[in-house]
Amino acid sequence: MDPECARLLPALCDVLADPRQPVADDTCLEKLLDWFKAVTEAGSSLLLLQDHPCLVELLFHVLKPQDLSSRILSFVLRLAGIFAAQENCFQYLQQGELLPGLFGEPGPLGAAAWAAPSVRSGWIQGLHSLAQHPSALRFLADSGAVDTIFSLQGDPSLFVASAAGQLLVRVLDLALCGPAEGHISLQAWDWPACARKIVCHLEDCLRSEATPRVTQALHVLTTAFGHCHGLWTQGLWVQLSPLVARLLEKDPVPAPHALVDLLLSVARSSMLSSDPGLWETAAQTLSRLSPTQAGPLAAGILKLQDCPQALRIQAFGVLLQPLAFVLEATAQAPGMPGLLEGAAGDLMAVDTLPPSKSACVGLLCSALAHLELLQPLPQRPSPWPQAPLLAAVVAILRLCNGSAAPNSEAGGRLCAMLGGCVRVQRAALDFLGVLSQGLGPQELVTQVFAILLEYLVSPDSSPTVLKKAFQATLCWLLSSAAPPGCCDLEPYAQLVLGELLSVLRKRLCSPCWEVRDSGLEFLTQMTRHQGGQAGFRQALLASEVPELTRQLLQDPESYVRASAVAAVGQLSSWGLLAAPSSPEHAATPQKTPLEELLLVLTTDSEGFPRRAVMRVFTEWLRDGYADVAEDPERFVARVLQAASGDLDWEVRVQGLELALAFLEQLLGPCGPSAVAPPGALAQALQALCRVQLFEFAFRSLFDCDRPVAQKSCDLLLFLRAKAIPSSNSQEAGDGPDVTSVEAALRRWQAGEQGQPLGELAPEAVLAVLRSMDLEALQDTLAESSDHVERSPQSLLQDMLATVGVLGDNEADCY
């Protein structure tokens, strides 16, 4: 322990033991526990207590009748558990009867303080910490603590109840693991007494008619099979699996969600997944639970690598059932094979509807979400019913927007329940976008584009639904450029594109800023992927979309201006930002995109658009954008001048990113043998001096925002790696005089940023780079900004200062 902390510790223990002193807040107590845990993990708890008897006095002080706060009592219980985790320290504390006093009936168990949930939680956490060795196991068995843990499983505090279940698992693992683990019988009745007692308790809970008790047992088993991997888990499952299976005979099945969690935990365990009885129980569970309850189990089964094929087919049928209902209720595609054919063997007759709107919506959203996650997985069911799934999702979207015309009673009820439901629309559009990764018949793909256009055109579509519709449309348009012979959709996609750009033009004029923003994001992504395609270029240039995008650089909403910047950047990169041809613009000289974005960078009052400009400029520089490539030095100088004075630290970081891109263009990428040749280095250094990159980088090195300083340090280290090896032949005494430069840097480091660095010669730059310990600075910057304040010494000082034990000058008030 640090000497200063050792000096402060007795005073802190006195404060904690004094009920008259203000109680330290929970955050300080948690930090104090973390510190003690780190100290004991690094050394001996016994030596710690022997060297600092004030800690033992604090533990004993809690046993005296007094009015201690529940927070302090909870803290001491947890602290005692941390110390007793080492067996020699446990035995030392046992000699003074301290542990029975803290964790047995004489202590909090028999006092009024037990009514506080924090004390019960501290008691559990203390026992969890000390349950690390055989002595602790004997203590738990002899002290009656296990019975108390049983009762705490039903605690009104969910945190206490959950912690009690976790402690039972810890005790089981402690009793059955260790040197004798290989000799542990798979028969639970041959286990140690403490383990048998817990297993009997779990059996009683599973036989109980009270659902909360069943739930408690299932939670304990789920934790055990999920976190413990000893041989004893096989014996536990053999002993209790018949009782788990018997739960399915009850009507209704108790604790269905907890049962699903348990079965998935067992199925994922390498020790247990080979049990055939597990898969039989899982199949019965899928049959007994409702589709909503069984959905998570079905999805979990389908994500497993090894699973019986029959069970996979059954699980897939559970997920498909709600969509099969939709297809049947709306009488979709009478010639199309049923959705469940091949998935469950026979076409499932769906003649029941979920009883309420919320149940119906929840079931559909759950099924769509599970299928969306399943579609990209290599272990997804095969064959994958792409066409029926497309038809079902299109039908759901039509039911939601009211364009479906069902001719059955079930279809009419579906229309009433799903009409205008944003939640289902979002889930369906998400899944529709994922389905673009597969193939489909031309007729269905036509329907997909038609329903997407309906949603994009409809004034009833909410902004969030419109965003999802744009995203799904982008997925389908990009997938339409498939290789020949693989459902080539290019001709139809080209026809859709004209209508789509017309819709986009209207959406860019929407009074709702979220809609304008979504439209710009779609345009940016579409241009990024299709900007070189002749059909897309022709359609876009024939529309008003590029000019509207340009106008949105002056949008009143900063998010929209930022998205407009990104869109203008992409359009310009592909040469798609043509000058307006209207007569009123003929006499006005049109600014270039570069000039417009520079204007945004220097005049916009919000940070989002300026950050977007910097990202575009960096991309332009790396990609060789024409207006930049004409005179890259002038471009970089103008941008760095604007970025260096920006108040937004992210803009300054982006400025350094652009400077790094410029360095890489001049000197090549960094690498183990990528030292620049002397001739190229001299020219590059002169160019860097002309654009005043060094002044920006050196000033950023002492920026008050740490990310800026870190980025600058990385840039200068990159430059030094390129430059110094080819110049280190110069003798130290022959270097240029850099006294004035170093003096200016010291003033900047002290916070005096006003004085410019002045004109720098390349030789002076190299000399400064040689003299700076950039690696040490990088290490310093890598530390968290509050590393001093988070130190144990600072914590102890602050806690003592709170109660006035320290003078003001000793407190580390940050």
For residues [X] and [Y], report the shortest heavy-atom separation together with the two atoms involved.
| X | Y | answer |
| --- | --- | --- |
| L77 | V119 | CD1-O, 3.8 Å |
| T222 | L262 | OG1-CA, 3.2 Å |
| Q710 | L781 | NE2-O, 3.2 Å |
| K303 | L373 | NZ-CD1, 4.1 Å |
| L130 | A136 | O-CB, 3.1 Å |
| C205 | V214 | O-CG2, 3.4 Å |

Just wondering, do [Y] and [X] contact through their side chains at under 4.5 Å, heavy atoms?
| X | Y | result |
| --- | --- | --- |
| D648 | E606 | no |
| L259 | L248 | yes |
| H370 | P296 | yes |
| C13 | L55 | yes |
| I149 | W123 | yes |
| L236 | V199 | yes |
| R213 | R207 | no |
| Q293 | R288 | no |

Please say which of L168, D147, V160, L167 ends up in a side chain to side chain contact (heavy atoms under 4.5 Å, CB included) with L152.
V160
Taking atom CG of L33 and atom NZ of K37, what is their separation to the nearest 0.5 Å?
10.0 Å
Separation between CG (L363) and OG (S358), nearest 0.5 Å, reads 11.0 Å
Is it the case that the side chain of [X] and the backbone of [Y] share a donor-acceptor pair, with hydrogens and angles ignored and the cut-off at 3.5 Å?
| X | Y | value |
| --- | --- | --- |
| Q86 | T40 | yes |
| S265 | D261 | no |
| S143 | F139 | yes |
| H128 | I124 | no |
| S162 | F159 | no |
| S129 | Q125 | yes |
| S74 | S118 | yes |
| H133 | A84 | yes |

Charged N to carboxylate O under 4.0 angstrom, R78 versus E30?
yes
Looking at D173 and R170, does any basic side-chain N land under 4.0 Å from a carboxylate oxygen?
yes
side-chain contact (heavy atoms from CB on, under 4.5 Å) between C28 and D798, worked out:
CA-CA 9 Å; C28 288; D798 289 342; 5.9 Å; no
Could you tell me whether F60 atom CZ has more than 12 heavy atoms of other residues or ligands within 6.0 Å of it?
yes
For L647, does the CG atom have more than 12 heavy-atom neighbours from other residues, nucleotides or ligands under 6.0 Å away?
no
Check against side-chain contact (heavy atoms from CB on, under 4.5 Å), K711 and V708
CA-CA 5 Å; K711 192 69 179 178; V708 181; 5.9 Å; no
Residues which pass salt bridge (Lys or Arg N to Asp or Glu O under 4.0 Å) with D142, listed by chain and number, not counting sequence neighbours:
none
Are side-chain N/O atoms of D275 and W237 paired as donor and acceptor at under 3.5 Å?
yes
Using distance alone, with no hydrogens and no angle criterion, decide if E87 and S135 have a side-chain donor and acceptor under 3.5 Å apart.
yes
